Every structure is written in C-alpha cells, then in structure tokens.
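For reference, the structure discussed in these notes is given below.
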Amino acid sequence: MVLKIFFPQCCVQAESGLLIGRWLPKHNSAVVLAVIHFPFIPCQVKQYLCQLQNLIKLELAIVGSWSKAVKGQEKQDNFMEDLCTIFPQGDWLQMYSEKGKRGFDCRVIPRNGTKTMNNDKNVVIIHYDQRKVMLSQLHPADGLVLGSQKNVSELTMVFQTVSQSKELFHSDKYDEGPFKVTHWQSEGREASIIIELCKQASVPVCFMINCFLTVWFWMCKSRILNLWPARFVSSKLSTCVQLSHRAEQLQIMSNPRKTSEHLEFMRKGNIFLSFLIDLALGLLLISWLYRENCIARLADMLVPAADRVAEELQQLLQWLMGAPAGLKMNRALDQVLGKFFLYHIHLWISYIHLMSPFIGMILWYLGLSACLGLTIALSVFSDIVALLTFHIYCFYVYGARLYCLKIYGLSSLWRLFRGKKWNVLRQRVDSCSYDLDQLFIGTLLFTILLFLLPTTVLYYLVFTLLRLLVVLFQGLFHLCMDLINSIPLFAMGMRIFRPYRLAAGVKFRILQNDKERPLHLLMEINPLTFSAVLKWYRIPTYSCYPKDSWGALCKKLFIGELIYPWKTKHTKTD
C-alpha cells in the first residue's frame, strides 16, 4: 500500500532535526507540520508535544527525522534510527536531502523497529504550501458543512490538521526557547500595527453600538408601537422593514464575541463591507442631491406630475364610460363605476394640492435619510411612490374585489346547475338536490352576473395593468436594495485577491518522477468559482414581495386574488 507524506515546502531548506506531525492511519498517510532543529533534549520535546496536544486537541507526534547530510554517512544514519526508540509513536520516517540532487529520499522503519525497509517506490511525497493550507477553507463538493460528514476525506483531515495547529505556528526562529522550530512563520510573524489598533478600537465601538441597539429594540417592543395600526403600517412600509433589517445586521456585526467558525466570520465580514458601501453610496447621493439643488427641482416637478397622472386617469375613465374599442358595455354599471372612480381622483387631486406647500420641506428632510445608507434612501423613495399612487392601488383593490366576487358567484351558481355544492367542512364538492325555486333564483342571478362580467373585467384589467406597472417600478428599487444587502462583497474580494482562502479542492502537479526515488507531487489549491462563492456566502435578506411562481401569479390574477401588499409569502390561502 502506498504511503502518502504531506511535506511543507518551507521545511525543505530546514536544518537537520525531528519532524513534528500527525499520522492518519485510516488513510495510510502522514502530515508533517514542522522541524525541530538539533540540538535538543528528548524530555523537553515530549513535554512540548504534550502542551501542544492539550492546546490544539490533536494527537501530534514525532513522525520521523530530517537530515540534510549525505545518505551514506553511517554514524548519522545510526543516530537517526536510534531516535525512533525514544519516540515510539507509529512508523518512523527517515528523510534525507542529499547535496547536489533534486528532491530527497525517504525510508520507513516499521513500528517494531526490527527491520529497515527501503521502500521508496511505495512512498509518495506531496509538497504543499503551509501558509495557504493554513489560511484556506476547504469546501466540500456536495454542499455539506465541513465536519458534518461521517467519513471525513483525507484532504479534509489534512486541511483541518494544519488549520488547528495555530499554537504550533505562533513561535518563530527569533523566539527564545529550549529549541528552534522551522515552519511557515520561521521568517517572521505576519502582523500589522494598523490591524492591531483597529482590533483594540473595535471593542469600545462595539460596546457603544450594542448599547444603542438595546435602546432601539426596547423602543420597538414598547406597547404603543405594538398596537395593531402601528404594527400593520410598519410592516408595510419599506423604510421600517429596511431599518429593522439593518438593526439586526448591526447586532450581528457588533457582537464582541470572537468568531470561531469560518462561515460566521465570513458573514460578519460581508455584513461589515456591505454596510460601509451602503453608507458611502448614501453619502454620495446626499451630496449630489443637495449640491445640485435636486430636492427643490423634484418638489417643483412633483405636483405637476401628479396632476398630469390624474388627468390621464380621468381621460381613461371617460373612455371606459363610453364604448371602449367598440365594446358593448352595461350602461348603468359602467356609469356607476366611472363616477365612483372619478370621485376618488377628485379627492386625490384636492389632497395633493393641500399638501403642495409642505412637499419641499418634507422631501428636504426625507433626503437626509441617505445618511443612513443608500438602501434607506431607496426604501424611502419606494414608500413615496406607494403613497403617491395610493389611488391607483385603491382602484385595483375595488376592481379586484368586485371581479373576485363575481367569479366566485358564477362558479357557485354553475355548481348549482349541475346539482353540486361546496362542502366547507370537508373541503370538497358534494352532490346536492335543489328545489325549483332555488334553481329559478340561481338561474336569474347567474344571468345577471354573466352579463355584468364584461364591464367588471374591463375595469379590473385596466387597473390591474396600472397596478402592475407601479409594482414593477417599485421592484427596481427593491432589486437594488436586495443587491446591496445580499451580495457577499467581502467573499468576492477575497476570491479575487486571495483565491486560496476559499478552496473548492486541490490539484496535483508532478515535481519529480525518478524510478530510484519516491514520487514527488506538488499540491495546489483550486479556488471556488464565483457562482459557488455567491451560493455559499450570500447574505440572507428579507423580501417585501411574495415569491410566487409565474403560474401562481397568473392564477391569482385570473381569479381576482389580491397580490402585494396584502398577501405575503407566509400567508396561507384556501
């Protein structure tokens, strides 16, 4: 059976010494982590290993020896073989790096130590970049969370062994100690004064944010805000929903507890970067609005635009009250519906003109909401559009309710003709016998509803198209908000600048294939694709609109069932 040895590239130039690592007996492989240089005291090495095992919770051992001497030196060979009796954990690897030759050799001394086997052909040495493996996170191909599989793969064990050995990598060659160790940090620790200062400053900042959020959530849970009108209005306004979403993200981001899992760390980084970019875009928007005096121009355009929309609606209703497209409508119902909707438009125009002196001041203060982020400004604009087109929504609700009432009435009367009825308790259609009077009244009502249906359908169709146009316009705002809230910018940046941090797997390249020497391979990391990064690290967000399929949406529109905002994705309907 082939023995696989994962050897760090940083240890190839190390001086002679002992190899610290871990045996993976199920996979017949060994992971080398560091080299302890000569001279050393064996009891100190054993004590050091016990301390490391208690810290990192891994079964580390001295897996063999490393020598840069010539393989033919018998004294050093005998000394290396004698070391296996002092550290009798598993098989003993005796590795040589000969001068003038590429690569190095390896001998394996079995557990009993009675015989030395020169089995170079049965050994594969896999070189790996210890720093990249240390900092990377291996993602399983099946989409499961790391560590949840019953049978952990060999590569996962290698990555976990290196990543959990942080305490071993804390020391470098400049530290004073009983012996010197070579690993990926031997050339000096990676540190930054700016990063350390930011870590120290983040503690009081997180404390202040937590205090502010505590007061915020206490105010949101007060009795006044939990009454039905306030709770209903806040759940329908995009601004309130976005503020609540941002408050929850700030609570996650300002948690002073150190993250221990990779997904939690990436989620905090994505939320932090998304929040910063949102604030930056909001400040750019507010600087443009107030520098170019766009608020005043928008206020001046708002009332004429509302009047123009009202005039167009009046002309549309007058066209419907006549003979639209040559269709023969019910004159009485057509006049009633037309005058009813014209009266609503008249009320809406009066309301707009009543509010026109205050619109500029209202927009000026609402523009300051961009200081909280671009998503807050977009949600405010979406709510403004919803308020300005509230009369269109009322027309849609009236037409949909009237159309739905006639559809259900016609379906119920159609079952009456066939001797059927709807069983409410059992939720099914059962047989039923009707009297002659019931059949006569049912026929009369069916005829009336059937001849009034075309007029109702026309009004419902027109106002439904207007409502869908407004929803589409608001959907553009919510699409921009969802992109800012959900795209994992931190993970995408890490994928671009440090692709080895997000590993989808590994690939091997042959370094040396000599018949007299072990096979040498180089393990390189395959980064995740951008689609996989979006799948793994996408920030969970809210949705103001119901996530219905196209078939379900068409069904709702056909039967006259109301869509947004009265129906949400959690609402159950019969």
Side-chain angles (χ1 to χ4, degrees), residues 234-250 252-253 266-292 294-295 297-299 301-302 305 362-390 392-393 466-493 495-496 530-531 533-548 550 553 563-565 568-569:
S234 62
S235 64
K236 300 307 175 186
L237 290 178
S238 301
T239 306
C240 297
V241 178
Q242 178 64 22
L243 285 173
S244 176
H245 180 67
R246 279 303 185 194
E248 293 176 358
Q249 288 186 339
L250 279 176
I252 296 173
M253 188 176 60
M266 294 297 294
R267 184 183 181 187
K268 280 190 174 183
N270 291 325
I271 292 175
F272 180 72
L273 192 57
S274 174
F275 188 75
L276 285 182
I277 292 178
D278 187 21
L279 284 179
L281 294 176
L283 292 176
L284 289 176
L285 176 63
I286 196 173
S287 64
W288 176 74
L289 287 176
Y290 290 93
R291 185 179 66 250
E292 301 293 337
C294 294
I295 298 292
R297 285 186 290 176
L298 182 62
M301 293 170 55
L302 193 60
I362 293 174
L363 291 179
W364 194 90
Y365 285 108
L366 289 178
L368 295 177
S369 62
C371 296
L372 301 177
L374 180 62
T375 55
I376 304 297
L378 291 177
S379 60
V380 169
F381 293 155
S382 177
D383 291 335
I384 291 175
V385 172
L387 292 175
L388 291 177
T389 58
F390 184 71
I392 296 178
Y393 179 73
L466 291 175
R467 174 59 188 164
L468 290 179
L469 184 63
V470 175
V471 170
L472 179 62
F473 186 71
Q474 289 182 284
L476 295 177
F477 289 107
H478 287 274
L479 180 61
C480 296
M481 292 163 54
D482 286 340
L483 288 177
I484 298 175
N485 288 330
S486 62
I487 290 182
L489 299 174
F490 181 74
M492 298 293 286
R495 170 61 180 83
I496 295 173
F530 288 98
S531 60
V533 172
L534 290 175
K535 177 183 177 182
W536 274 87
Y537 300 108
R538 189 177 182 88
I539 306 174
T541 182
Y542 70 95
S543 179
C544 290
Y545 293 94
K547 295 182 178 180
D548 294 325
W550 287 105
L553 182 61
I563 56 175
Y564 172 80
T568 61
K569 61 181 180 179

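Note that the structure is a prediction, hence the values are computed from the model and not measured.
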Quiz prompt | Nearest heavy-atom neighbours spanning Gln474 and Ala386 | solution = NE2-CB, 3.4 Å

Self-check item: Contact summary for Ser238 and Asp383, nearest pair of heavy atoms
Solution: N-OD1, 2.9 Å

Heavy-atom check, side chain of [X] versus side chain of [Y], under 4.5 Å:
X	Y	answer
Val241	Ser379	no
Leu289	Leu298	no
Leu281	Leu285	no
Ile277	Leu489	yes
Tyr537	Arg267	no
Asn485	Arg246	yes
Leu466	Val470	no
Leu284	Leu374	no

For the side chain of [X] and the backbone of [Y], is there at least one donor-acceptor N/O pair under 3.5 Å apart?
X	Y	value
Ser287	Leu283	yes
Ser486	Asp482	yes
Asn270	Met266	yes

Quiz item: ring-ring contact (aromatic ring centres under 6.0 Å, His included) with Trp288: which residues, sequence neighbours excluded?
Solution: none

Quiz prompt | Derivation of the side-chain contact (heavy atoms from CB on, under 4.5 Å) call for Thr239 and Ser369 | solution = CA-CA 10 Å; Thr239 306; Ser369 62; over 6 Å; no

Point-to-point distance, once rounded to the nearest 0.5 Å, from [atom1] of [X] to [atom2] of [Y]:
X	Y	atom1	atom2	value
Met492	Ile487	CE	CD1	7.5 Å
Leu483	Ser274	CG	OG	10.5 Å
Phe477	Ile384	CZ	CD1	9.0 Å

Quiz prompt | CA sep, side-chain torsions, deciding dist, call: His245, Gln249, side chain to side chain donor-acceptor pair (under 3.5 Å) | solution = CA-CA 6 Å; His245 180 67; Gln249 288 186 339; 3.1 Å; yes

Self-check item: Passing option when Asp278 is tested against Thr375, Leu378, Leu273 for side chain to side chain contact (heavy atoms under 4.5 Å, CB included)
Solution: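 Among Thr375, Leu378, Leu273, the one meeting side chain to side chain contact (heavy atoms under 4.5 Å, CB included) with Asp278 is Thr375.
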
Quiz item: With a cut-off of 6.0 Å (strictly less than), are more than 12 heavy atoms of other residues, nucleotides or ligands near CZ of Phe530?
Solution: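 Yes - once you tally the heavy atoms of other residues, nucleotides and ligands closer than 6.0 Å, there are more than 12.
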
Exercise. Please say whether more than 12 non-hydrogen atoms of neighbouring residues, nucleotides or ligands are located less than 6.0 Å from OH in Tyr290.
Key: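 Count over threshold, so yes.
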
Quiz prompt | Stepwise side-chain contact (heavy atoms from CB on, under 4.5 Å) check, Leu368 with Ile286 | solution = CA-CA 7 Å; Leu368 295 177; Ile286 196 173; 4.0 Å; yes

Quiz item: Under the side-chain contact (heavy atoms from CB on, under 4.5 Å) criterion, do Leu366 and Phe381 qualify, and how do the steps go?
Solution: CA-CA 9 Å; Leu366 289 178; Phe381 293 155; over 6 Å; no

